[in-house]
Amino acid sequence: MSEVQLENVCFRYGDVVAADNVCLHVKEGEFFAVLGPSGSGKTTVLRLIAGFIEPDSGAIMIGGQPMHNVPPFARHIGFVFQNYALFPHLTVAQNVAFGLESRRVPRDEITRRVRDILAMVQLQGLENRRPSELSGGQQQRVALARALVTQPRVLLLDEPLAALDKKLRTQMQVELRQLQQRLGITTIFVTHDQEEAMTLADRIAVMRDGRVIQVGPPREVYEHPITYFVSDFLGQSNVIVGQVVEKDDRHTVIRARSGDLIYALPETDRAVGEEVMIAVRPEKIRLHAERPETTATVLDGEIEHIAYMGTSLSYHLRRPNGDQMIVFEQSGLHPKPLRVGQRVYLTWEPVHTLILQDEVEAS
Ligand code: ADP
Ligand code: MG
């Protein structure tokens, strides 16, 4: 049993609230990402789980067992630090063997387990090198091998790929995920890179200022962000402020401050008269050269800039009220390509109008 639970965990460094009432339930065997900008409390959460620091209040359970006053070594956790923290004077094999030696595992078993784990992370033949004689990717693998060799029940990874260049990072992402699936080990992975979290994780927790803002599978968090922060941190979005003016069994109708009507699904707890902030993903909007016949949302705007991004195009538009919007479309959608300076019409389906929970500032 290796699920990890945090219940209302708080932790301060002096005046800084680094973990603010954090609740997380990581399931057994899950690959769970903690995503947030620098300083949002990600490392603090890992250090709390590992037992390097104790919560000021709240509880941490691993495998259903309370961890209060359980020292780090007794938690059976593998930790890969942000900077790897390898021992520079030890060889690869010695670095990996370290945790087994301190646990007094017999010598021949250490040799066997070190050999097996180094094979698993593809470091055979490098046993006798020192960290300074390895590439960044190889150092990362040593850190991973060192964390896994003790057969921990939970693996904690603190931005393990941040130091690698883009190509190697992508390759290591795939390897890491495959390794995790092969071992079936409960893994909590910290990153500030939304693409990395989306690619790797079964579920993502988005953090800000020590708080967990939203938890869910990548698709759900992307498609249904609950706040502007989440929608903006995971990709781009267009934000519009307006007032709910009508609700029936087919629609929620919002009058934007620009005066335009925007249609959302009927399922919302927002009442007529309430000010709301909505978001629309750029790839959910379609552009039209002529005003289309539709009962869905139609806005107009002028194309200010078109960026070519290989298979897709990004259009930067200016609304008559001065607002900017961004739209992504596949190339080749329009028989006559749209051009800069052209007036166009933007449409999207009610399902793509995301009503956010943010408070709206008075206009
Ligand atoms: P992240 O890993 O998301 O970048 P951290 O968990 O490292 O964030 O930090 C959360 C907050 O706690 C930040 O405001 C940071 O400055 C503060 N903090 C982290 N470590 C310490 C420390 N040892 N002493 C004082 N403040 C700290
Ligand atoms: Mg950190």
Side-chain angles (χ1 to χ4, degrees), residues 4-26 30-60 62 67 71-72 75 77-86 136 139-140 142-144 146-147 152 154-166 169 172-173 176 180 186-201 203-216 218 221-222 225-235:
V4 178
Q5 287 161 269
L6 281 75
E7 303 288 356
N8 306 104
V9 169
C10 295
F11 183 84
R12 290 163 172 273
Y13 291 103
D15 291 344
V16 178
V17 183
D20 189 356
N21 223 20
V22 170
C23 296
L24 290 175
H25 289 197
V26 180
E30 191 169 32
F31 199 123
F32 191 92
V34 178
L35 173 69
S38 179
S40 57
K42 307 181 296 296
T43 296
T44 302
V45 165
L46 286 196
R47 289 168 59 81
L48 284 160
I49 296 169
F52 302 139
I53 50 179
E54 280 283 333
D56 298 332
S57 59
I60 298 173
I62 300 177
M67 289 293 114
R75 295 190 182 194
I77 277 173
F79 203 117
V80 175
F81 296 89
Q82 198 157 356
N83 51 11
Y84 312 148
L86 299 177
Q139 291 181 32
Q140 205 277 332
V142 177
L144 199 56
R146 190 178 58 176
V154 177
L155 180 61
L156 304 179
L157 304 165
D158 194 355
E159 312 224 18
L161 309 178
L164 308 179
D165 63 50
K166 172 102 177 127
R169 194 160 74 229
M172 289 299 297
Q173 284 171 0
L176 192 58
Q180 189 270 341
T186 306
T187 301
I188 306 176
F189 177 99
V190 157
T191 181
H192 65 268
D193 180 337
Q194 53 99 3
E195 212 177 293
E196 188 160 283
M198 299 275 286
T199 316
L200 284 171
R203 286 190 303 150
I204 297 175
V206 183
M207 286 194 74
R208 180 188 198 182
D209 297 339
R211 285 196 303 273
V212 174
I213 308 290
Q214 188 169 3
V215 181
V221 179
Y222 183 84
I226 61 172
T227 67
Y228 171 69
F229 175 79
V230 176
S231 80
D232 193 52
F233 202 71
L234 281 97

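Worth knowing before you read on, the calculation uses all heavy atoms, side chains too, and leaves out hydrogens, waters and symmetry mates. Counting starts at 1 for both ligands and their atoms, in listed order.
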**Student:** Would you say ligand 1 has an N or O under 3.5 Å from any N or O of Ala18?
**Tutor:**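 Between Ala18 and ligand 1, no N or O pair is found under 3.5 Å apart.
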**Student:** For atom 14 (O) of ligand 1, what's the nearest protein heavy-atom neighbour? Residue, atom name and distance, please.
**Tutor:** Val16 CG1, 3.5 Å
**Student:** Spell out, as yes or no, whether a donor-acceptor pair under 3.5 Å connects the side chain of Arg203 to the backbone of Val215.
**Tutor:** no
**Student:** How close does the nearest protein non-hydrogen atom get to atom 3 (O) of ligand 1, and which residue and atom is it?
**Tutor:**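 Among all protein heavy atoms, the one nearest atom 3 (O) of ligand 1 is Lys42 NZ, 2.8 Å.
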**Student:** So is Gly36 close enough to ligand 1, meaning a heavy atom under 4.0 angstrom away?
**Tutor:**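 Contact absent.
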**Student:** Donor-acceptor check, side chain of Arg169 to backbone of Leu164, threshold 3.5 angstrom: yes or no?
**Tutor:** yes
**Student:** First locate atom CD of Glu196, then atom CG of Leu176, and finally report the distance between them rounded to the nearest 0.5 Å.
**Tutor:** 8.5 Å
**Student:** Could you list the atoms of ligand 1 found under 4.0 angstrom from a heavy atom of Thr44?
**Tutor:**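 In order of numbering, the contacting atoms are 5 (P), 6 (O), 9 (O), 10 (C).
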**Student:** How far is atom 7 (O) of ligand 1 from its nearest protein heavy atom, and which residue and atom is that?
**Tutor:** Thr43 CB, 3.7 Å
**Student:** Look at atom 8 (O) of ligand 1 and say which protein heavy atom is nearest, naming residue and atom and giving the distance to 0.1 Å.
**Tutor:** Gly41 N, 3.2 Å
**Student:** Just wondering, do Val22 and Phe11 contact through their side chains at under 4.5 Å, heavy atoms?
**Tutor:**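 They are not in side-chain contact.
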**Student:** Note the single closest protein heavy atom to atom 24 (N) of ligand 1, along with its residue, its atom name and the distance in Å.
**Tutor:** Tyr13 CD2, 3.5 Å
**Student:** What's within reach of the Mg ion (ligand 2), meaning protein N/O/S atoms under 2.8 Å?
**Tutor:**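 Thr43 OG1, with waters left out.
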**Student:** Does the side chain of Ile53 reach to within under 4.5 Å of the side chain of Thr44, using non-hydrogen atoms?
**Tutor:**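 A side-chain contact exists here, since the closest heavy-atom pair is under 4.5 Å.
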**Student:** Under 4.0 Å from a heavy atom of Pro37: which atoms of ligand 1 are those, numbered in the order shown and with their elements?
**Tutor:**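 Answer for ligand 1: 3 (O).
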**Student:** Flag atom 16 (O) of ligand 1 as yes if some protein heavy-atom distance to it falls below 4.0 Å, otherwise no.
**Tutor:**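 Neighbour list for atom 16 (O) of ligand 1 is empty of protein heavy atoms (cut-off 4.0 Å).
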**Student:** Listing request: all side-chain hydrogen bond (donor to acceptor under 3.5 Å, both in side chains) pairs with a residue in residues 4-18, at least two apart in sequence or in separate chains.
**Tutor:** Glu7-His25, Asn8-Asn21
**Student:** Starting at CD of Gln173, measure out to CG of Asp193 and round the result to the nearest 0.5 Å.
**Tutor:**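 If we round to the nearest 0.5 Å, Gln173:CD and Asp193:CG are 7.0 Å apart.
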**Student:** Measuring from Ile213:CD1 to Thr227:OG1, what's the distance to the nearest 0.5 Å?
**Tutor:** 6.0 Å
**Student:** Pick one: which of Leu24, Val212, Leu35 meets side chain to side chain contact (heavy atoms under 4.5 Å, CB included) with Met207?
**Tutor:**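 Exactly one option meets the side chain to side chain contact (heavy atoms under 4.5 Å, CB included) with Met207, and it is Val212.
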**Student:** Can you list the residues that meet the side-chain contact (heavy atoms from CB on, under 4.5 Å) rule with Ala85, with sequence neighbours excluded?
**Tutor:**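 Scan of Ala85 (side-chain contact (heavy atoms from CB on, under 4.5 Å), adjacent residues dropped) gives Phe81, Asn83, Arg146.
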**Student:** Just to verify, what does Phe31 make a ring pair (Phe, Tyr, Trp, His ring centres under 6.0 Å) with, not counting sequence neighbours?
**Tutor:** Phe189
**Student:** Given Ser40, Gly39, Gly14, which has its nearest heavy atom closest to atom 13 (C) of ligand 1?
**Tutor:** Gly39
